[in-house]
Amino acid sequence: MKIIMLGAPGAGKGTQAKQIAGKYNIPHISTGDIFRANIKEGTELGKKAKEYMDQGLLVPDELTCDLVVDRIQQDDCKGGFVLDGFPRTIPQAEALDAALTKLGQKMDYAIDVDVPDENIVNRMGGRRACINCGATYHIVSIPPKKEGVCDTCGNELVLRDDDKPETVQKRLNVYHEQTQPLIDYYTKQGILKSVDGTQPMEDVFASIVKILGA
Ligand code: ADP
Ligand code: AMP
């Protein structure tokens with residue numbers, strides 16, 4: 001099963017993608033996580049990506065597409081994968097389609113996690129991410145057992161630099177301009193499914209399982 005998670009930043013794509021990956025036993029591929037890992041390791045890619053991420057801008061397609069096209073050809077992707085945060089532009093979607101066509105494959109579902117802008121600002125302000133394993137929480141709706149500490153690995157939880165209020169509005173504008181057109185793109189391909197992302201996390205997941213099948 002090959003799935004794309006669509007939705008505004010903070011809509012809950014990562015939260016749901018992790019659960020999908022667990023239930024269907026497929027890898028969770030998050031371009032945001034890949035960039036953050038590169039920043040942490042101080043790689044050339046990380047240095048370049050950080051310049052854009054800190055400003056709430058998209059990392060250029062040239063730095064993003066090949067990375068994903070390579071990743072989906074690794075052995076663990078043979079049974080499918082869930083893409084989280086990619087594609088984010090029409091050229092990225094076209095690059096993905098071109099690569100899959102070459103491999104004789106195609107995407108099965110593009111799931112739009114629909115959350116209005118009003119809720120997004122609160123979601124991103126309350127998001128806390130583990131500096132070590134990348135697990136995400138929300139200080140009100142999905143809190144860790146112990147404040148400021150990751151349930152999974154015990155490391156510190158932080159507010160991401162790009163979740164600061166001054167960057168959030170910029171990221172939302174970028175989403176509407178560059179990423180939202182993908183909803184039409186995948187509607188035309190007949191694979192778009194929409195779920196109400198304002199529901200509690202478990203209910204959003206149940207809606208997704210209904211679409212994908214148990
Ligand atoms: P995205 O990957 O789309 O940027 P996340 O999955 O990181 O979004 O979720 C953004 C924030 O909202 C996180 O703090 C997460 O814990 C919280 N969150 C995710 N899903 C829900 C939900 N259904 N209801 C309330 N909060 C949620
Ligand atoms: P995310 O973790 O998905 O919220 O992504 C964090 C940031 O990484 C984004 O705001 C972008 O700057 C960058 N990024 C992640 N995925 C992509 C992508 N597919 N294309 C361009 N930039 C991306």
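We count ligands from 1, going down the list as the structure has it; atoms in each ligand are counted the same way. All values below come from the heavy atoms of this structure, side chains included, with hydrogens, waters and symmetry mates left out.
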Checklist entry - Of all the non-hydrogen atoms in the protein, which one sits nearest to atom 10 (C) of ligand 1, and at what distance? => result G10 O, 3.5 Å
Checklist entry - Under 4.0 Å between a Lys/Arg side-chain N and an Asp/Glu carboxylate O for R71 and D76? => result yes
Item to check | From the candidates Y175, Y137, F205, the one that places a heavy atom nearest atom 13 (C) of ligand 1 | outcome: Y137
Checklist entry - What protein heavy atom sits nearest atom 6 (O) of ligand 1, and how far away is it? => result T15 OG1, 2.5 Å
Item to check | Nitrogen or oxygen atoms of R88 and ligand 2 under 3.5 Å apart | outcome: yes
Next on the checklist: How far is atom 8 (O) of ligand 1 from the closest protein heavy atom, and which atom is that?
Outcome noted: G12 N, 3.2 Å
Item to check | Atoms in ligand 2 flagged as close to G85, the criterion being non-hydrogen separation under 4.0 Å | outcome: 16 (N), 17 (C), 18 (C), 19 (N)
Next on the checklist: When you measure from the side chain of Q169 to the backbone of P165, do you find a donor-acceptor pair of N or O atoms at a distance under 3.5 Å?
Outcome noted: no
Next on the checklist: So for G7, does at least one of its heavy atoms come nearer than 4.0 angstrom to any atom of ligand 1?
Outcome noted: no
Checklist outcome for this item: Correct closest heavy-atom pair for Q199 and V204 would be O-CG2, 3.4 Å
Item to check | Where K2 and Q105 come nearest, the two heavy atoms and their spacing | outcome: CE-OE1, 3.4 Å
Next on the checklist: Can a donor-acceptor pair be found, under 3.5 Å and without considering hydrogens, that links the side chain of Q92 to the backbone of R88?
Outcome noted: yes
Next on the checklist: If you measure every N or O of S30 against every N or O of ligand 2, does any of those distances drop under 3.5 Å?
Outcome noted: no
Next on the checklist: Does the residue A8 have a heavy-atom contact with ligand 1, meaning some pair of atoms that are separated by less than 4.0 Å?
Outcome noted: yes
Item to check | Point-to-point distance, once rounded to the nearest 0.5 Å, from CG of D117 to CZ of R123 | outcome: 12.0 Å
Next on the checklist: With nothing but distance in play, are any N or O atoms of D33 less than 3.5 Å from an N or O of ligand 2?
Outcome noted: no
Checklist outcome for this item: If you scan protein heavy atoms around atom 11 (C) of ligand 1, the nearest is R123 O, 3.8 Å
Checklist entry - Is any N or O atom of Y52, backbone or side chain, closer than 3.5 Å to an N or O atom of ligand 2? => result no
Item to check | Distance from atom 18 (N) of ligand 1 to nearest protein heavy atom, with residue and atom | outcome: I142 CD1, 3.6 Å
Checklist entry - Hey, does K13 sit under 4.0 Å from ligand 2 if you only count heavy atoms? => result no
Checklist entry - Taking both backbone and side-chain atoms of P9, is any N or O found less than 3.5 Å from an N or O belonging to ligand 1? => result no
Next on the checklist: Any nitrogen or oxygen of D84 lying under 3.5 Å from a nitrogen or oxygen in ligand 1? Just yes or no.
Outcome noted: no
Checklist entry - Of the backbone atoms (N, CA, C, O) and the side-chain heavy atoms from C-beta on, which set of L57 has a member under 4.0 Å from an atom of ligand 2: side chain, backbone, both, or neither? => result backbone
Checklist entry - Does G14 reach ligand 1 with a nitrogen or oxygen that is under 3.5 Å from one of the ligand's nitrogen or oxygen atoms? => result yes
Checklist entry - Can you find an N or O of F86 that's nearer than 3.5 Å to an N or O of ligand 2? => result no
Next on the checklist: Return the OG1 to CD distance between T89 and E94, rounded to the nearest 0.5 Å.
Outcome noted: 8.5 Å
Next on the checklist: At under 4.0 Å between heavy atoms, is it the side chain or the backbone of Q199 that contacts ligand 1, or both, or neither?
Outcome noted: backbone
Checklist entry - When rounded to the nearest 0.5 angstrom, what is the spacing between CD1 in I39 and NZ in K48? => result 13.5 Å
Checklist entry - So, is Q92 polar-close to ligand 2, with some N/O to N/O distance under 3.5 Å? => result yes
Next on the checklist: Tell me the protein heavy atom at minimum distance from atom 26 (N) of ligand 1, and give that distance in Å.
Outcome noted: S141 OG, 2.9 Å
Checklist outcome for this item: atom 7 (O) of ligand 1: of H138, R127, R171, the nearest heavy atom sits on R127
Item to check | Backbone N/O of D163 and side chain of T167: donor-acceptor pair under 3.5 Å | outcome: no
